[in-house]
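So you know, we letter chains A, B, ... as the sequences are listed, proteins then strands, and number each from 1.
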Amino acid sequence: AQKVTQAQTEISVVEKEDVTLDCVYETRDTTYYLFWYKQPPSGELVFLIRRNSFDEQNEISGRYSWNFQKSTSSFNFTITASQVVDSAVYFCALSEAGDDMRFGAGTRLTVKP
Amino acid sequence: DAMVIQNPRYQVTQFGKPVTLSCSQTLNHNVMYWYQQKSSQAPKLLFHYYDKDFNNEADTPDNFQSRRPNTSFCFLDIRSPGLGDAAMYLCATSRAPGGRETQYFGPGTRLLVL
């Protein structure tokens, strides 16, 4: 069965610090998809990125970057120069080709001014 | 902008009194999902519709039902809400079913049961 582990329950940083959110996954499939979502206090889940298992290229989008490593079954998310607006709960999720998406428990990030 | 809309954002109901939450989408997606999210937990999938085909998760209580009268709208009916049903209810859509498709979420409806 597929499984996602986000070991960091809560992280607190000061503005402008870099922060990395960890995500480790388990799957037996060779074809799978990984996602990151952001959930600000308003409650809406905001899609950030999708990565398929055949594409290990790292991705950068502004201050956000993602490091996908199949060798360690990890899909970590780094925010560079964090801002107060980055404060949210971040969910990593995994789906196998024919299955529904399963979320990790989430990491609550607090960025203090 | 294409989007997923949920109304109301906050809903208060009484113990045992039926309540309906609504979701609409302008994305013209074929799949619509309902998730339940309790405080400090991950969203939990209740069921989804692929077009008119209803797919229920095995552990979704019978108290929860859903209707999809057309492509744009999907409703979540809670027949007899209990105190344990207080949660955020999230609607999501995707173009097609299956793991490769990205799901886009609405803002959620926060349900309070008195």
A:Arg50 CZ: over 12 foreign heavy atoms closer than 6.0 Å: yes

Greater than 12 external heavy atoms within 6.0 Å of B:Asp62's CG: no

Under 4.5 Å from any heavy atom of chain B - which part of A:Asp100: side chain

Exercise: identify the closest heavy-atom pair between B:Gly99 and A:Ser95: O-OG, 2.5 Å

B:Glu57 versus chain A, the contacting section by heavy-atom distance below 4.5 Å: side chain

Greater than 12 external heavy atoms within 6.0 Å of B:Arg95's CZ: no

Exceeds 12 heavy-atom contacts within 6.0 angstrom, atom NZ of A:Lys70: yes

Cluster link B:Tyr35 to B:Tyr49, ILVMFWY, side chain under 4.5 Å: no

Pairwise distance CG(B:Leu45) to CE(A:Met101) - rounded to 0.5 angstrom: 8.5 Å

Residues, nucleotides or ligands: over 12 heavy atoms within 6.0 Å of A:Ile60 CD1: no

Whether over 12 other heavy atoms sit under 6.0 Å from B:Phe54 CZ: yes

Spacing of CD belonging to A:Gln39 relative to CE belonging to B:Met88, to within rounding of 0.5 Å: 6.5 Å

B:Arg100 side chain vs A:Tyr33 backbone, donor-acceptor pair below 3.5 Å: no

Contact summary for A:Leu45 and B:Pro43, nearest pair of heavy atoms: CD1-CG, 3.7 Å

Stepwise side chain to side chain contact (heavy atoms under 4.5 Å, CB included) check, B:Thr102 with A:Tyr37: CA-CA 11 Å; B:Thr102 298; A:Tyr37 284 85; 4.0 Å; yes

pair B:Gln37-A:Phe103: side-chain heavy atoms closer than 4.5 Å: no

